[in-house]
Amino acid sequence: MAIFGARQVLWRSFSTISSHPLRVCIVGSGPAGFYTAEKILKTHQGSQVDIIDRLPTPYGLVRSGVAPDHPETKNVINQFSRVAQNGRCSFLGNVGLGSSISLVELRELYHVVVLAYGAESDRVVGIPGEDLKGVHSAREFVWWYNGHPDGRNLDPDLKNTDTAVILGQGNVALDVARILLRPTSELAITDIASHALTALEQSSIRKVYLVGRRGPVQAACTAKELREVLGIKDLYIHIKETDLKITPADEEEMKNSRIHRRIYELLSKAATAGPSQPSSGQRELHFVFFHQPDRFLESYDKKGYVSGVHLEKTALKGIGSEKQIAIGTGQFENLSCGIVLKSIGYKSVPVDDLPFDNQKGVVPNVKGRVLSDNSGDPTSIENGLYVCGWLKRGPTGIIATNLYCAEETVTSLSEDLELGVLASTTRLPKLGRDGLLQILDNRNVQVVPFSAWERIDKEEKRLGSLRNKPREKLTSLEELLKVAGSE
């Protein structure tokens, strides 16, 4: 659909709304964005909510972050679709903050702007060799196998090595390990990107090492994710018996955390349940505790390529009550591999005219109200500007965590509206969507409304049915925009 057609459809949809509604723009269409929109629509009758996203596709990490073999986790899309189909809400895809429209312009057009665009970069380890070929972030790898347009050209080399090292032991690290080790016949019936499935079918990876700085009691994954990776059929699991020894401090941690105790029990059981050695050709998963990367090793044969990780042994040191941190011991060893995946955390990125705490990787805020600097002074509030999701609290939590995060932000917004902190909608009407679409039209931006996304959705499902998959994702912007623009 051309932009003029999109504007006509959107204008018709809102012809019955009050001439001066509360106009809200939400940047980012992942869980944080949709939960915020849902809450605003329920709380403020007559409000008009526009959700913009730089991609032509909605749903953020539900589409590009949730593993393809976790279809039940994606069911929340049904709830988000109902929000997008609300008569007072619109989704405007292919609209990038900073590229298509500036933050300053959005704040002129809307009474309220809520930033919920998540975390699209990575924390760095900050050690020598991090720029070697074969060293990737887990985010890039996840985007690659999930068909994100920005990840389609990653092309990880899975053919020329039998060993992968994953730095980190959280849920994303376990997702990545599972995708590398799971039989491809099981992945073939998911919505995994075709280019990734082909590469995994040809993969030589047989050993995966999950490296963590601390011990099994402190592993950052959930029991559900751990059970799933431990349950891969015909997989040899290796955990050093010495790593399972626990201290009084560990006991205290487990006493105060049922999750930590459950994780430890699952790992202990896995360490003793299987054979002591792998059988010939069997795939292997090794949990390496109490080690941290010191540097990445360069291959002698292939200059510029990674050949392993130089690891330092760590020990736990208590700080305060119930908290243990890993410190280096000065003992080192090498772990050979041909590919490294860093799963040490996502990182949000700033945009022009947005206060940003580079150290924490978040927008400074008090309960979702954006502050004008990093001082934490609650009086330095940017009126009408709010934040939600990972951009607000850092890259932590599950999908549902964003629901509580959104409730807090919308509560702050409602309080500000009631106290008269926000510009009155009667005294200061805003152009909102009409003004936004006019600017985008002038800049020749092809806007993708929700009806155009539904065409993409329909086409992906059609292509998937030809391969006995729930969907075959379109992985390039060109393909997505072509289908979106077709009638």
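In this structure, F141 and D175 have side chains that are not in contact, with every pair of non-hydrogen atoms separated by 4.5 Å or more. Proximity of R283 to K233: side-chain heavy atoms (C-beta onward) are nowhere separated by under 4.5 Å. E120 places a side-chain heavy atom less than 4.5 Å from the side chain of R54. Annotation: side chain of V211 is not in contact with side chain of V309 (no heavy-atom distance under 4.5 Å). Using a 4.5 Å heavy-atom threshold, the side chains of I232 and R178 count as touching. Here the side chains of T314 and R214 are not in contact, with every heavy-atom distance at 4.5 Å or above. Put simply, the side chain of M254 reaches to within 4.5 Å of the side chain of I246, judged on heavy atoms.
Annotation: salt bridge (Lys or Arg N to Asp or Glu O under 4.0 Å) contacts of E298 (sequence neighbours excluded): none. With sequence neighbours excluded, no residue satisfies side-chain hydrogen bond (donor to acceptor under 3.5 Å, both in side chains) with S185. In this view, N402 and R393 satisfy the side-chain hydrogen bond (donor to acceptor under 3.5 Å, both in side chains) rule, not counting sequence neighbours. D157 pairs by the side-chain hydrogen bond (donor to acceptor under 3.5 Å, both in side chains) definition with N160, not counting sequence neighbours. Evaluation of the side-chain hydrogen bond (donor to acceptor under 3.5 Å, both in side chains) rule for R467 yields S194 as partners, not counting sequence neighbours. The salt bridge (Lys or Arg N to Asp or Glu O under 4.0 Å) check on K207 picks up nothing, with sequence neighbours excluded.
Here the shortest heavy-atom pairing between K469 and I192 reads NZ-O, 2.6 Å. For the residue pair A193 and N146, the shortest heavy atom distance occurs at CB-C, 4.4 Å. Nearest heavy-atom pair, T163 versus S336, reported as atom, atom and distance to 0.1 Å: CG2-O, 3.4 Å.
For the pair D301 (side chain) and S299 (backbone), a donor-acceptor distance under 3.5 Å is absent. Although no hydrogens or angles enter the test, the distance criterion places no donor-acceptor pair under 3.5 Å between the side chain of D53 and the main chain of P58. Side-chain atoms of S343 never come within 3.5 Å of backbone atoms of V172 as a donor-acceptor pair (strictly under, hydrogens ignored). Under a 3.5 Å cut-off, the side chain of T401 and the backbone N or O of I398 do form a donor-acceptor pair. Of the possible polar contacts, one joining the R123 side chain to the I344 backbone as a donor-acceptor pair under 3.5 Å is found.
Listed by first and then second residue, the ring-ring contact (aromatic ring centres under 6.0 Å, His included) pairs that reach into residues 343-391 are Y346-W390, sequence neighbours excluded. Pairs passing the salt bridge (Lys or Arg N to Asp or Glu O under 4.0 Å) check and including a residue from residues 139-148, sequence neighbours excluded, read D122-R139. For residues 329-347, every residue pair satisfying the salt bridge (Lys or Arg N to Asp or Glu O under 4.0 Å) rule, not counting sequence neighbours, is listed here: E130-K342. For the salt bridge (Lys or Arg N to Asp or Glu O under 4.0 Å) condition, the pairs that include at least one residue of residues 350-372, sequence neighbours left out, are R369-E415, R369-D416. Here ring-ring contact (aromatic ring centres under 6.0 Å, His included) pairs that include residues 277-306, with residues two or more places apart or in two chains, are Y209-H286, H238-H286.
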Handout entry: Derivation and outcome, ring-ring contact (aromatic ring centres under 6.0 Å, His included), residues F34 and Y59
Key = CA-CA 8 Å; F34 268 107; Y59 311 132; 5.7 Å; yes

Handout entry: From CA spacing to verdict: side-chain hydrogen bond (donor to acceptor under 3.5 Å, both in side chains), E105, S102
Key = CA-CA 5 Å; E105 288 170 323; S102 72; 3.2 Å; yes

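Heavy atoms of other residues, nucleotides or ligands lying less than 6.0 angstrom from NZ of K224 number more than 12. Residue E72 places its CD atom among more than 12 non-hydrogen atoms of other residues, nucleotides or ligands, all under 6.0 Å distant. No more than 12 heavy atoms of other residues, nucleotides or ligands lie within 6.0 Å of CG in N468, so this atom counts as exposed by the packing criterion. More than 12 heavy atoms of other residues, nucleotides or ligands shown are found within 6.0 angstrom of CD1 on I325.
Expressed to the nearest 0.5 Å, how far OG of S137 lies from CG of L167 amounts to 11.5 Å. Distance check, rounded to the nearest 0.5 Å: NZ of K323 to CD of Q218 gives 9.5 Å. Note that the CD1 atom of I127 and the CD atom of E312 stand 11.0 Å from one another [nearest 0.5 Å]. In this structure, I51 CD1 and S29 OG are separated by 7.0 Å, a value rounded to the nearest 0.5 Å.
Salt bridge R471/D457: present, at least one basic N to carboxylate O contact under 4.0 Å.
The side-chain contact (heavy atoms from CB on, under 4.5 Å) with L200 is formed by just one residue from the set L181, L187, I205; it is L187.
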Using distance only, find each side-chain donor-acceptor pair of residues 263-273 under 3.5 Å and give its atom names and separation, not counting sequence neighbours.
from : atom 1 : to   : atom 2 : distance (Å)
Y264 : OH     : L244 : O      : 2.5
E265 : OE1    : R262 : NH1    : 3.4
S268 : OG     : Y264 : O      : 2.9
T272 : OG1    : S268 : O      : 3.3
T272 : OG1    : K269 : O      : 3.3

